[in-house]
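Accompanying notes for the structure given below.
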Amino acid sequence: MGIRFILMVNKQGQTRLAQYFEWLTLEERRALEGEIVRKCLARNEQQCSFVEHRNYKIVYRRYASLFFLVGVDNDENELAILEFIHLLVETMDRHFGNVCELDIMFHLEKAHFMLEEMVMNGCIVETSKANILTPVQLLEKT
């Protein structure tokens with residue numbers, strides 16, 4: 001499948017956006033998020049951005065006050081996922097103008113919509129910022 005979940009978390013460890021591409025109960029999601037967030041936030045900037053946890057490989061990157069965490073299969077390319085995270089941030093920057101935690105909180109549906117344009121069933125299907133943002137901009141006009 002590839003991507004199993006995408007999380008956006010602030011520096012305090014509060015989840016601001018969570019998108020799962022596999023079925024987990026709410027309790028399993030809470031436990032998984034708590035474990036992963038504690039593990040990733042405890043690491044310093046000199047350590048690499050890849051962590052293995054349970055049967056996932058976690059690829060994460062910090063942009064300003066937000067951490068973008070992506071859980072993938074163990075055979076997934078870490079650098080490709082880092083590039084995907086960067087594309088996601090650039091796309092949100094283009095739409096929101098320097099995306100921040102408040103943009104995600106107040107426009108959660110737009111953030112989910114952009115993710116759904118980019119990823120389908122755990123596979124990256126769109127990488128063009130223009131193609132991702134066109135439907136979002138059309139929704140704003142109505």
Side-chain angles (χ1 to χ4, degrees), residues 1-140:
M1 182 194 298
I3 297 175
R4 299 297 181 164
F5 58 85
I6 299 169
L7 302 174
M8 291 182 201
V9 180
N10 68 9
K11 288 193 283 190
Q12 290 75 38
Q14 299 166 316
T15 302
R16 294 302 181 199
L17 179 144
Q19 181 86 26
Y20 287 84
F21 300 101
E22 68 178 356
W23 190 86
L24 294 172
T25 66
L26 201 54
E27 292 79 24
E28 291 172 326
R29 288 181 183 194
R30 277 196 202 116
L32 180 67
E33 286 177 25
E35 294 165 7
I36 291 170
V37 167
R38 278 190 297 279
K39 190 179 265 192
C40 291
L41 268 59
R43 296 169 62 88
N44 63 38
E45 291 183 19
Q46 281 71 40
Q47 292 176 299
C48 75
S49 298
F50 319 132
V51 178
E52 289 195 9
H53 182 76
R54 295 188 191 173
N55 57 335
Y56 302 108
K57 190 184 303 181
I58 312 302
V59 180
Y60 69 95
R61 188 149 182 198
R62 178 181 171 195
Y63 286 90
S65 65
L66 281 174
F67 284 85
F68 292 76
L69 298 90
V70 180
V72 297
D73 295 327
N74 283 319
D75 59 346
E76 195 69 35
N77 184 338
E78 299 94 345
L79 297 177
I81 299 301
L82 275 176
E83 197 61 34
F84 165 74
I85 293 171
H86 188 68
L87 173 68
L88 176 61
V89 172
E90 282 184 334
T91 304
M92 290 184 171
D93 274 347
R94 185 179 287 183
H95 182 72
F96 295 117
N98 204 7
V99 68
C100 67
E101 182 179 351
L102 291 174
D103 291 322
I104 303 299
M105 290 172 59
F106 292 126
H107 304 285
L108 188 61
E109 71 286 347
K110 287 181 187 173
H112 272 287
F113 195 81
M114 286 180 213
L115 264 178
E116 289 168 2
E117 287 292 315
M118 297 173 79
V119 181
M120 185 179 297
N121 199 26
C123 297
I124 299 170
V125 294
E126 185 60 72
T127 57
S128 166
K129 288 177 223 146
N131 289 348
I132 295 164
L133 290 174
T134 299
V136 178
Q137 292 161 347
L138 288 173
L139 282 175
E140 287 183 337

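Note that these values count all heavy atoms, side chains included, but never hydrogens, waters or copies made by symmetry.
Residues Asn10 and Leu41 come closest through the heavy atom pair O-CD2, 3.9 Å. Here the closest non-hydrogen pair linking Cys40 and Val51 is SG-CG2, 4.5 Å. The two atoms that bring Leu17 and Ala111 nearest to each other are CD1-CB, 3.5 Å, heavy atoms only. Asp103 and Val99 get closest at one heavy-atom pair: OD2-CA, 3.4 Å. For the pair Leu66 and Arg16, the tightest heavy-atom approach, listed with the atom from each and the gap, is CD2-CG, 4.4 Å. Here the closest non-hydrogen pair linking Asn55 and Asn74 is O-ND2, 3.7 Å.
To the nearest 0.5 Å, the span separating CG on Asn121 from CD1 on Ile3 amounts to 11.0 Å. Between atom CZ of residue Arg61 and atom CD of residue Glu83 there is a gap of 8.5 Å, rounded to the nearest 0.5 Å. The NE2 atom of His95 sits 16.0 Å away from atom CD of Glu90, with the distance rounded to the nearest 0.5 Å. Taking CG from Leu139 and OG1 from Thr134, the interatomic distance works out to 11.0 Å, rounded to the nearest 0.5 Å. Once rounded to the nearest 0.5 Å, the distance linking NE2 of His53 with NZ of Lys39 reads 5.5 Å. Going from atom OG1 of Thr91 over to atom CZ of Phe84 covers 9.0 Å, rounded to the nearest 0.5 Å.
Of the residues Leu7, Ile6, Val89, Val59, the one that meets the side-chain contact (heavy atoms from CB on, under 4.5 Å) test with Phe68 is Val89.
Taking 4.5 Å as the limit, every side-chain heavy atom of Met118 sits out of range of all side-chain heavy atoms of Ile124. Between Met105 and Gln14 there is no side-chain heavy-atom pair separated by less than 4.5 Å. Considering only heavy atoms from C-beta on, Leu32 comes within 4.5 Å of Arg54 through its side chain. Contact of the Asp73 side chain with the Arg4 side chain is registered, since non-hydrogen atoms from C-beta on lie closer than 4.5 Å. Leu82 is not listed as a side-chain neighbour of Glu78, based on a closest heavy-atom distance of 4.5 Å or more. Two residues are said to be in side-chain contact when any heavy atoms from C-beta on lie closer than 4.5 Å; Val37 and Phe67 fail this criterion. When side chains are defined from C-beta on, Asn131 does not count as touching Glu117, because their heavy atoms never get closer than 4.5 Å.
Annotation: Glu116, atom CD; neighbour count of heavy atoms from other residues, nucleotides and ligands within 6.0 Å is above 12.
Using a 30° and 60° split on the angle between ring planes, Phe5 and Tyr56 fall in the perpendicular class, above 60°.
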Run the numbers on Phe106 and Ile104 for side-chain contact (heavy atoms from CB on, under 4.5 Å), then give the verdict.
CA-CA 6 Å; Phe106 292 126; Ile104 303 299; over 6 Å; no
Yes or no on side-chain contact (heavy atoms from CB on, under 4.5 Å) for Lys110 and Phe96, after CA distance, side-chain angles and deciding distance?
CA-CA 10 Å; Lys110 287 181 187 173; Phe96 295 117; 4.2 Å; yes
Does the pair Tyr63 and Asn98 meet the rule for a side-chain contact (heavy atoms from CB on, under 4.5 Å), with working shown?
CA-CA 10 Å; Tyr63 286 90; Asn98 204 7; over 6 Å; no
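For residues 40-51, every residue pair satisfying the side-chain hydrogen bond (donor to acceptor under 3.5 Å, both in side chains) rule, not counting sequence neighbours, is listed here: Arg43-Tyr60.
For Lys57 and Glu76, the salt-bridge test fails: no basic side-chain N is under 4.0 Å from an acidic carboxylate O.
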